[in-house]
J.: 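Here you go, one structure.
Because the structure is predicted, anything quoted here is derived from the model rather than measured. Both counts, for ligands and for their atoms, begin at 1 and track the order of listing. Along the sequence shown, the residues carry numbers beginning at 1.
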Amino acid sequence: MFKRRILIGAAALMLAPGVAFAQETVKIGLVLPMTGQQASTGKQIDAAVKLYVAQHGATVAGKKIEVILKDDTSVPDVTKRLAQELVVNDKVAVLAGFGITPSAMATAPIATQAKVPEIVMAAGTSSITEASPYVARTSFTLAQSSVPMAEWAFKNGIKKVVTLVSDYGPGIDAEKSFTEKFKADGGTIVENLRIPMRAPDFAPVLQKVADAKPDALFVFVPSGTGAQFVKQFVERGLDKSGVKLIATGDVTDDDQLNGMGDAVVGVINAHNYSANHNSALNKSFVEAFKKANGGLRPNFMAVGGYDGMYLIYEALKKTGGDANGDKLMAAIKGMAWESPRGPISIDPATRDIVQNIYIRKVQKVDGELYNVEFDTIANVKDPVKAAKK
Ligand code: PHB
């Protein structure tokens, strides 16, 4: 009788304490645009997160990792609702993803209120990290690539530039930071052109560029839109007009670059990641990513997702598996490691990424188009925040 009671008690212990069991799982709410205009970003990051988990296992510091993927359809109101549900219903310890700036911004108040870290793996507007003390970023800021692009342009004989950007957060950051640096160096900005972020029609602005005849056109459009821009640039004969195309690497995105055709060969651009980056780590990353995804080439969004997972895993190791938001944020600050893109770190003061920016030229390598890096600006902090100090 006594023995039986013990047995029943042990069985009850094993079955009943759902709470104790739940504590053993750390849930990550991954909110991405899997459909809609930014679907390529969602696909790239989801694939990178899955690869990271496959390579590093689903257990960290004794805790089981569960990634809950939600499709925000590239609509910020949906992002916000999903983030809220993930926090309240699923009790996620970390929110991650965020394909576009408005989605990252819409989630920041939830991160603050719930004290849940928001790991921004894609969006690039400078101010996102200032929207909540619980935001940390593994992607990039637009000024990080736009300022080196402006510097390279002026040094290399380009004196008159028209800028063309998507009319929202990252585009405005790209326009402002390029314009300020290029003017400070002695260059002339002929015109600042903006196009709508949703369903852009490049025809009217490209006519203006043709009329203005600058030495170069500087362009930012978000990942997934570059091929459409290039097509219209070529259709309007601008590739043969003597107007050089210079850009942030969002335009010559690895996800689409190979389909853009020979018109982009020779385009100079600045960015944080190229699938052609020459390091052992990147070579094995690209190979593993392609193998797991039917030959898909990883782009800079994939790397932001992969590094975001590294950040979450390593932060959990540092806290000994404690998923408390404040403890995770403390662990994240100042973390430094080697990414497929090169050395990176999280600035402890701003929670924003510090990384190398590479000047690249689109070239054919073994019959495929790649951004081939030829110059490196090391350890670039977000220039917008640096200027505020
Ligand atoms: C953004 O919305 O912040 C964003 C999206 C795609 C990019 C860059 C920035 O390529």
Side-chain angles (χ1 to χ4, degrees), residues 31-34 36-45 48 72-80 96-108 118-131 135-147 149 163-178 194-200 218-230 247-257 260 269-275 298-305 308 341 352-353 355 357 360 371 382-385:
V31 190
L32 289 172
M34 300 306 294
Q37 188 170 290
Q38 258 63 41
S40 65
T41 294
K43 186 177 177 187
Q44 287 271 353
I45 295 179
D72 69 11
T73 68
S74 315
V75 177
D77 283 346
V78 178
T79 319
K80 187 174 184 175
F98 311 106
I100 49 172
T101 288
S103 291
M105 284 300 213
T107 304
E118 175 182 339
I119 309 301
V120 176
M121 296 169 157
T125 301
S126 175
S127 57
I128 293 171
T129 45
E130 292 161 344
V135 169
R137 171 154 44 199
T138 55
S139 47
F140 50 85
T141 75
L142 268 300
Q144 278 180 322
S145 45
S146 303
V147 171
M149 190 65 256
T163 67
L164 169 54
V165 300
S166 286
D167 192 4
Y168 77 118
I172 292 160
D173 277 1
E175 176 193 288
K176 278 195 179 154
S177 54
F178 183 94
R194 295 180 184 179
I195 32 148
M197 183 238 183
R198 306 266 176 202
F218 168 74
V219 181
F220 161 77
V221 291
S223 182
T225 326
Q228 196 187 335
F229 163 75
V230 166
T248 66
D250 307 77
V251 179
T252 55
D253 181 351
D254 270 306
D255 188 78
Q256 296 187 324
L257 181 62
M260 288 184 193
N269 64 92
H271 215 47
N272 59 79
Y273 177 70
S274 165
N299 71 355
F300 59 99
M301 294 302 192
V303 171
R341 65 187 112 171
D352 217 337
I353 187 162
Q355 60 190 335
I357 295 298
R360 308 101 55 89
N371 292 291
D382 174 31
V384 174
K385 284 184 205 75

J.: Between the side chains of Gln37 and Arg198, does any donor sit under 3.5 Å from an acceptor?
T.: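 No, no side-chain donor-acceptor contact under 3.5 Å.
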J.: Throw together a table of side-chain donor-acceptor distances under 3.5 angstrom for residues 219-229, partners on residues two or more places apart or in other chains.
T.:
from, atom 1, to, atom 2, distance (Å)
Ser223, OG, Asp253, OD2, 2.5
Thr225, OG1, Pro222, O, 2.9
Gln228, NE2, Pro200, O, 3.3

J.: Any protein N/O atoms within less than 3.5 Å of an N/O atom in ligand 1? List the atom names and distances, or say none.
T.:
from, atom 1, to, atom 2, distance (Å)
ligand 1, 2 (O), Thr101, N, 2.8
ligand 1, 2 (O), Tyr168, OH, 2.7
ligand 1, 3 (O), Thr101, N, 3.4
ligand 1, 3 (O), Thr101, OG1, 2.5
ligand 1, 3 (O), Gly124, N, 2.8
ligand 1, 10 (O), Ser223, N, 2.9
ligand 1, 10 (O), Asp250, OD2, 2.5

J.: Go through the side-chain N and O atoms of Asp382 and Gln144 and say whether any donor and acceptor fall under 3.5 Å apart.
T.: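 No - no donor-acceptor pair under 3.5 Å links their side chains.
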J.: Test of understanding: with side-chain contact (heavy atoms from CB on, under 4.5 Å), list the residues that count as partners of Asp72, not counting sequence neighbours.
T.: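 So Asp72 forms a side-chain contact (heavy atoms from CB on, under 4.5 Å) with Val31, Pro33, Val78, Thr79, Leu82, Ser103.
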J.: Does a salt bridge link Lys80 with Asp77, judged by any charged N lying under 4.0 Å from a carboxylate O?
T.: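 Salt bridge: no.
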J.: Taking salt bridge (charged side-chain N to carboxylate O under 4.0 Å, His left out) as the test, write out the residues that go with Arg360, two or more places apart.
T.: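 Salt bridge (charged side-chain N to carboxylate O under 4.0 Å, His left out) check on Arg360 returns nothing, list empty.
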